[in-house]
Amino acid sequence: MTERNVKCAHACRNTCAMLSEALREESEMVRFYEKLGTECDYPDVHDMVRELIESRSRSVLMINQKLNELRARAEIMDGVISSYDSGSA
């Protein structure tokens, strides 16, 4: 992982730039560890790399779930707002 100057925009609505960047980083690490796993044939190291892949994969799933929650919440809010807008017209 490289150091990035990532800052929260504090203006997220249906997605989060910070979580999107975290998802990208975690996915990149999963791919990196998968490559290591295919190259490494030392049993102890291979097992450790497999554990790292599983851990990072769980992180990817957790981040994806949160991003999906944010999108769903934004869609609900859009629906509520549009129902008020259409009612006053």
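Below, all heavy atoms of this structure are taken into account, side chains as well, without hydrogens, waters or symmetry copies. Values in this document were obtained by computation on a predicted structure and should not be read as measured data.
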task: Taking all non-hydrogen atoms of both residues into account, name the closest pair between Cys40 and Val45 and its distance.
output: SG-CG1, 3.5 Å
field: Gly37 to Val49 - nearest heavy-atom pair and separation
entry: N-CG1, 3.8 Å
message: Would the distance check show the side chain of Thr38 and the main-chain N or O of Lys35 forming a donor-acceptor pair, the cut-off being under 3.5 Å?
response: yes
- prompt: If we only count heavy atoms from C-beta on, is the Leu70 to Leu19 side-chain gap below 4.5 Å?
  reply: yes
task: State the OG-CG distance between Ser59 and Asn64, to the nearest 0.5 angstrom.
output: 11.5 Å
query: Rounded to the nearest 0.5 Å, what separation is found between the CD1 atom of Ile63 and the CE atom of Met18?
result: 11.0 Å
- prompt: Just how far is it from atom CD of Gln65 to atom CG of Asn68, taken to the nearest 0.5 Å?
  reply: 8.0 Å
statement: Rounded to the nearest 0.5 angstrom, the CZ-CD distance for Arg56 and Glu28 is 10.0 Å
- request: Measure the CG-CG distance between Leu52 and Asp47 for me, rounded to the nearest 0.5 Å.
  value: 11.0 Å
- request: Check whether any side-chain heavy atom of Ile53 sits under 4.5 Å from a side-chain heavy atom of Ser57, and report yes or no.
  value: yes
task: Say whether, by atom type as modelled, one donor and one acceptor occur between the side chain of Ser55 and the main chain of Glu51 under 3.5 angstrom.
output: no
Electrostatic pair Glu34-Arg31, nearest N-O below 4.0 angstrom: no
message: Taking Arg71 first and then Glu75, would you say they form a salt bridge - that is, a charged N and a carboxylate O separated by under 4.0 Å?
response: no
message: Quick check for you: to the nearest 0.5 Å, what is the distance between Met48 atom CE and Tyr33 atom OH?
response: 7.0 Å
field: Distance-minimising heavy-atom pair for Leu67 and Cys16
entry: CD2-N, 3.9 Å
